[in-house]
Amino acid sequence: MSKKHNKLDAEQLFGHAAYLEEELAALKKVISAVPYEEKPVGQHSIIEMIMEIYFAQNNYYGPVIKRLFSDVQPEINDLSTTQLDPNISDLDESKPEEIIDEVIKSRTKLLATLNQIPKHDWERKGIVFGKKTTMLKMLDEMIQFERAKFKEIAHRVLVIDASRSMIKPSQP
């Protein structure tokens, strides 16, 4: 894989990471119109999925990427020495817009940090929990995780919308 191709991939991934911030902003507009705390059997609620995105971004992917960049020979087997962000679960789940605002603020900070890392360093190698990887691969993994969560959220919203349209009040 050429350096030029790697740089293009990094730029594309940054664009995807920024786009996910836009997805959150769009979700914020409709979140109060859906039962965001409802938990189908064996599944997470919409608000829990949003909180999973926040937790993964702030307590796993973000810290791992930062350590891959800052450590001389990065080998990460635990994150216990990493300062974790405050627990989003302290926020009131009955105010989903505020939770989404926190996730957006956090994403903005992460994007600012990522933009400070020189593009040529994104292919720096390290070992994360026994697996060889790069910062670029970790960013891609984070985006794939978030896309999967947003897909679940979108599916849930569509199912809710479809069931609402099937149950229309009878006209007198």
Side-chain angles (χ1 to χ4, degrees), residues 7-40 43-70 76 79-119 121-122 124 128-129 133-162 164:
K7 185 176 180 186
L8 179 63
D9 287 349
E11 289 171 7
Q12 287 176 339
L13 287 174
F14 286 175
H16 293 307
Y19 179 72
L20 290 170
E21 187 175 15
E22 294 172 22
E23 288 283 324
L24 285 164
L27 180 60
K28 182 180 171 185
K29 293 176 184 178
V30 299
I31 191 74
S32 62
V34 296
Y36 53 86
E37 291 178 311
E38 181 179 296
K39 287 175 85 164
Q43 297 180 26
H44 294 285
S45 69
I46 291 172
I47 202 70
E48 287 172 333
M49 288 187 273
I50 294 167
M51 293 166 87
E52 287 175 17
I53 290 169
Y54 176 89
F55 184 83
Q57 171 182 284
N58 291 290
N59 296 320
Y60 180 69
Y61 292 109
V64 165
I65 290 169
K66 289 173 190 173
R67 284 190 48 197
L68 284 172
F69 174 66
S70 63
I76 303 164
L79 293 173
S80 61
T81 59
T82 304
Q83 183 179 355
L84 301 178
D85 276 8
N87 192 344
I88 195 168
S89 63
D90 291 340
L91 294 172
D92 185 352
E93 284 190 23
S94 68
K95 297 179 181 173
E97 293 89 352
E98 289 178 15
I99 291 174
I100 292 172
D101 283 340
E102 284 301 311
V103 180
I104 290 171
K105 275 193 264 182
S106 174
R107 174 50 58 97
T108 301
K109 281 177 38 182
L110 178 62
L111 289 172
T113 299
L114 297 178
N115 281 320
Q116 298 300 314
I117 298 172
K119 301 291 186 249
D121 283 331
W122 279 94
R124 259 186 98 187
V128 178
F129 297 101
T133 192
T134 65
M135 289 186 291
L136 197 59
K137 287 179 184 175
M138 291 304 298
L139 180 60
D140 184 45
E141 187 179 305
M142 180 182 82
I143 291 167
Q144 296 308 317
F145 168 79
E146 292 173 346
R147 280 184 175 162
K149 290 295 169 193
F150 276 113
K151 187 175 179 179
E152 284 182 64
I153 291 168
H155 176 73
R156 181 90 48 87
V157 170
L158 289 173
V159 167
I160 291 166
D161 190 44
R164 283 182 179 169

List the residues meeting side-chain hydrogen bond (donor to acceptor under 3.5 Å, both in side chains) with [X], not counting sequence neighbours, and say none if there are none.
{"X": "E146", "answer": "R107"}
{"X": "Q43", "answer": "R156"}
{"X": "K137", "answer": "none"}
{"X": "E21", "answer": "T108"}

Does the side chain of [Y] come within less than 4.5 Å of [X]'s, by heavy atoms?
{"X": "V64", "Y": "L68", "answer": "yes"}
{"X": "I65", "Y": "I117", "answer": "yes"}
{"X": "I53", "Y": "L20", "answer": "no"}
{"X": "Y54", "Y": "I99", "answer": "no"}

Which heavy atom in [X] sits nearest to a heavy atom in [Y], and how many Å separate them?
{"X": "K28", "Y": "D101", "result": "NZ-OD1, 2.6 Å"}
{"X": "I31", "Y": "P96", "result": "CG1-CB, 3.6 Å"}
{"X": "I143", "Y": "A17", "result": "CD1-N, 3.8 Å"}
{"X": "S32", "Y": "E97", "result": "CB-OE2, 3.3 Å"}
{"X": "G62", "Y": "L110", "result": "CA-CD1, 4.0 Å"}

List the residues meeting side chain to side chain contact (heavy atoms under 4.5 Å, CB included) with [X], not counting sequence neighbours, and say none if there are none.
{"X": "E141", "answer": "Y60, Y61, K131, M138"}
{"X": "K95", "answer": "D92, E98"}
{"X": "T113", "answer": "K66"}
{"X": "S45", "answer": "K39, I47, E48"}

Please list, chain by chain and in numerical order, all residues satisfying salt bridge (charged side-chain N to carboxylate O under 4.0 Å, His left out) with K149, sequence neighbours excluded. E52, E152
What residues form a salt bridge (charged side-chain N to carboxylate O under 4.0 Å, His left out) with D121, not counting sequence neighbours? none
Which residue pairs pass the ring-ring contact (aromatic ring centres under 6.0 Å, His included) test when at least one of the two sits in residues 13-36, sequence neighbours left out? F14-W122
